[in-house]
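These notes concern the structure reproduced below.
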Number of protein chains: 2
Amino acid sequence: MATIADVAREAGVSRSTASYALSGKRPISEEVRRRVLAAAEALAYTPNAGARALATAQTKVLGLLAQFHEDEFAPAMMQYILGVTNTARDLGYDTLLVTEADGVRALRRVTDSRMVDGVVLMNIAHDDARLPVLRAAPQPGALVGFPGDCSGLDVFDLDFEETGRVMVEHLHRLGHRELILVSHPEHVVERGGAYVWRLRDAALERARQLGVILHAAYGESRQPAVGRLLHHLLDTYPAATGLLINNEAAAAALPSVTYERGLRVPGDLSVIGRYSADFAATFSLPYSFVESAPDRLGAMAVRQLVRRVESQAARQEPFVVRFISPELVSRDSTAPPRPSRA
Amino acid sequence: MATIADVAREAGVSRSTASYALSGKRPISEEVRRRVLAAAEALAYTPNAGARALATAQTKVLGLLAQFHEDEFAPAMMQYILGVTNTARDLGYDTLLVTEADGVRALRRVTDSRMVDGVVLMNIAHDDARLPVLRAAPQPGALVGFPGDCSGLDVFDLDFEETGRVMVEHLHRLGHRELILVSHPEHVVERGGAYVWRLRDAALERARQLGVILHAAYGESRQPAVGRLLHHLLDTYPAATGLLINNEAAAAALPSVTYERGLRVPGDLSVIGRYSADFAATFSLPYSFVESAPDRLGAMAVRQLVRRVESQAARQEPFVVRFISPELVSRDSTAPPRPSRA
DNA sequence: CGCAATCATCGAACCGGTTCGACAATCAGG
DNA sequence: CCTGATTGTCGAACCGGTTCGATGATTGCG
């Protein structure tokens, strides 16, 4: 493999001149520049990433830390990852994907060893053990997800509280007065998945204000448990006419449940979900939903991260917490309620 | 951040001694080793990855090249990726995930710049343009997927031909005599997705031998197109009593299609899919299926790749092409056929 | 015509590790 | 007690880039 010394020799100049000719950081005569470029081309020269990283203290790599707990719903994660990797590449960065179970150790490893210029964290827990490590790291970091303490980091997430309100308001406006909300499994909450209770508490509050009965239940993340749970909820609250779903696995399981019960949507039951358009399309989900915009969130996080990485000035700016507003995509799965579902 | 020079100074030894004490590559007195280790601990020393890569010509990073075409079914990909990243980490490697659309340029970039010690390629096309680049690269490579020309590379894939035969034989044994096979979209085949026709051709051949009528159709990868297609196929072949699905999106769409038509599985229609257990679980798919074992394939590819990376001897060994045998997981979605579906 | 300013290039140092060869100290054997 | 092998440590070179300061060649100006 050709080094810059080979290029310099081929072009008949010194190594430093070759470097300047390629980077353009100092004026070089047109004649010499041509020779260097030709030599680099002829030798198929590509800078050695390790050497460059050592010299410039920049790796042009971002770390993406995603934790996959046993019960995590992996398919939904893909969209976030693609948002990150594609945006990073557009900005000239590659992405180191770290899925290690021990997120703290993983984060420490990639930051301490200077493998990455910055880090995006996903699956943020309310009291995430990785955050202190990230704050202490020399590289900037961005979060996709909303922790209890946002200090020292840029944070991006869907506005789950507004999402809860939008869902309740939409069904209230159609005349529904008793609703069921299916969230994520209880252990997701225990682990610190704040988005679950943020949506739930805001929905409960709004329901209270509007005089709507809202039954908030934990979910499951797997078949057949999630299907059984949906059946159970529909049995338990026979007067409920609307279903709010903040749980991808439950949304995916719902069609067969309504089929088994002979329920029609929206005739017998109105449904609103919260997931991405991509997810809806690939899994044939016929429900109106609030777009969770995973690719957009990943892209926003990366753009802000790269700004901080590349500009000393940007690194001094105050940290941002940015929520994207829920957007309700109508699929005609909601309608005014029938007097009784039974 | 502490360097090895800091550690050496703190321990009162030379840089080289510190290095040997930490790596154990030369005998060091117990006394000095203790002092060096203590100093490293006290200064929270972590080797700089770029410097180490430069010195050892090893990055301890593997490249994972995954292409996401417009119509690719992203969620299924996640399983492969996790198989790769987790196995890599177990073996001491991190993973650079590259999703760039221009796979050839991406591959050239990561190999030429020596960012990675080896490369795993996914979404292999029959005549994949990345393969010549990978063969010419100084790093070893492994494929998940089966190309037309396997020379110079280690190849891992599900045995799609045997899968096609197993599916046909299973339904034939139950008494079915007319079947439908839904594959991937036609453009996936045009792009070179060999697994589509490998399964199809083997299934057709076996059906011919057994005297079974098999209607092989292309699929779609999205709603609502894939749902419409399934309806169309069931309309077109009313005498068919069994359905073979080599297409995740079609499998995901089938429950609502059978519901809309009032068909019962397996009472009215027997169904066999080809996807992963994880996929089946998360999407409530109630069908018997051939396990596609994405995590196992990813893990196999990485293990072989790392062997070649780490051992000069292994690099001389002949290249392997390894198929994993289809395993039919029963979910009671197949039964002897009724006389007529209509 | 001589001097200062400008321009293009070069040499050397540096980034932070690893590794080779040399050397001093210790020890065993004759 | 001298020699030769063994053990532990050090200094220097190297990996392949980037960058700073210096230098020689031009050019502009008085």
Side-chain angles (χ1 to χ4, degrees), chain A residues 1-37 39-40 43-61 109-117 138-139 310, chain B residues 1-37 39-40 43-61 109-117 138-139 310:
Chain A
M1 201 89 234
T3 73
I4 201 169
D6 300 325
V7 173
R9 190 177 323 113
E10 178 84 7
V13 299
S14 72
R15 283 199 310 156
S16 53
T17 302
S19 176
Y20 286 124
L22 291 168
S23 71
K25 292 191 181 173
R26 275 198 187 177
I28 293 288
S29 70
E30 194 47 41
E31 153 69 6
V32 168
R33 155 181 266 100
R34 266 200 317 93
R35 286 213 317 268
V36 171
L37 261 47
L43 299 173
Y45 168 71
T46 308
N48 178 303
R52 175 170 277 180
L54 183 56
T56 62
Q58 281 220 0
T59 62
K60 288 291 180 179
V61 173
R109 179 163 45 79
V110 298
T111 54
D112 285 1
S113 69
R114 300 305 232 275
M115 301 179 80
V116 299
D117 293 338
Q139 299 97 335
E310 297 191 340
Chain B
M1 199 91 234
T3 72
I4 201 170
D6 300 325
V7 173
R9 191 176 325 113
E10 178 83 8
V13 298
S14 72
R15 283 199 310 156
S16 54
T17 301
S19 176
Y20 285 124
L22 290 168
S23 72
K25 292 191 181 172
R26 274 198 188 177
I28 294 287
S29 70
E30 195 45 40
E31 151 71 6
V32 168
R33 155 182 265 98
R34 265 198 319 93
R35 286 212 319 265
V36 171
L37 261 47
L43 299 173
Y45 167 72
T46 309
N48 178 302
R52 175 170 277 179
L54 182 55
T56 62
Q58 281 219 2
T59 63
K60 289 291 180 177
V61 173
R109 179 164 44 80
V110 298
T111 55
D112 286 0
S113 70
R114 300 305 232 277
M115 301 180 79
V116 299
D117 293 338
Q139 299 96 335
E310 298 192 339

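Lettering of chains follows the sequences in order, A, B, ..., and the numbering in each one begins at 1. Both backbone and side-chain heavy atoms feed into the values below; hydrogens, waters and symmetry mates do not. All of these numbers come straight from a predicted model, not from anything done at the bench.
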Hey, is the side chain of A:Y20 pairing donor to acceptor with the base of C:dC7 inside 3.5 Å? no
A:R35 with A:E31: basic N within carboxylate O range, under 4.0 Å: yes
Within the structure, does a side-chain N or O atom of A:Y45 lie under 4.0 Å from either OP1 or OP2 of D:dG16? no
Look at the side chain of B:S16 against the base of D:dG11 and say whether a donor-acceptor pair falls under 3.5 Å; ignore hydrogens and angles. yes
Any base atoms under 4.0 Å from B:S19, or only sugar-phosphate, or nothing? Heavy atoms, all strands. base
Interatomic distance, A:D112 CG vs C:dG16 C1' [rounded to whole Å]: 15 Å
Ignoring the backbone of A:R52, work out which of D:dT9, D:dG17, C:dG17 is nearest its side chain. D:dG17
Close side-chain approach of B:D112 to A:M1, heavy-atom, < 4.5 Å: yes
Of the candidate nucleotides C:dC10, D:dG16, C:dG16, which contains the atom at the shortest distance from the side chain of B:N48? C:dG16
Measuring to OP1 and OP2 of C:dC15, would you say a side-chain N or O of B:T3 lies under 4.0 angstrom away? no
Distance criterion of 3.5 Å, no angle test: do you see the side chain of B:R26 paired donor-to-acceptor with the base of D:dT9? yes
Check every strand shown and say whether A:S113 touches a base, only sugar-phosphate, or nothing at a heavy-atom separation below 4.0 Å. nothing
Under 4.5 Å between any side-chain heavy atoms of B:T59 and B:M115, yes or no? no
Between the side-chain atoms of A:R15 and the base atoms of D:dG17, is any donor-acceptor pair under 3.5 Å? yes
By nearest atom, which of the nucleotides D:dG8, C:dG17, D:dG17 is closest to the B:P27 side chain? D:dG8
At less than 4.0 Å, is any side-chain N or O atom of B:K25 found next to OP1 or OP2 of C:dT19? Yes or no. yes
May I ask you to test the B:P138-B:R114 pair for a side-chain heavy-atom distance under 4.5 Å? yes
B:T3 side chain reached by B:N48 side chain, heavy atoms, under 4.5 Å: no
Using a heavy-atom cut-off of under 4.0 Å over every strand shown, decide if B:S14 touches base, sugar-phosphate, or nothing. base
5' precedence on DNA chain D between B:L54 and B:R33 (nearest-nucleotide basis): B:R33
Starting at the 5' end of DNA chain C, which residue's closest nucleotide do you reach first, B:T17 or B:A51? B:A51
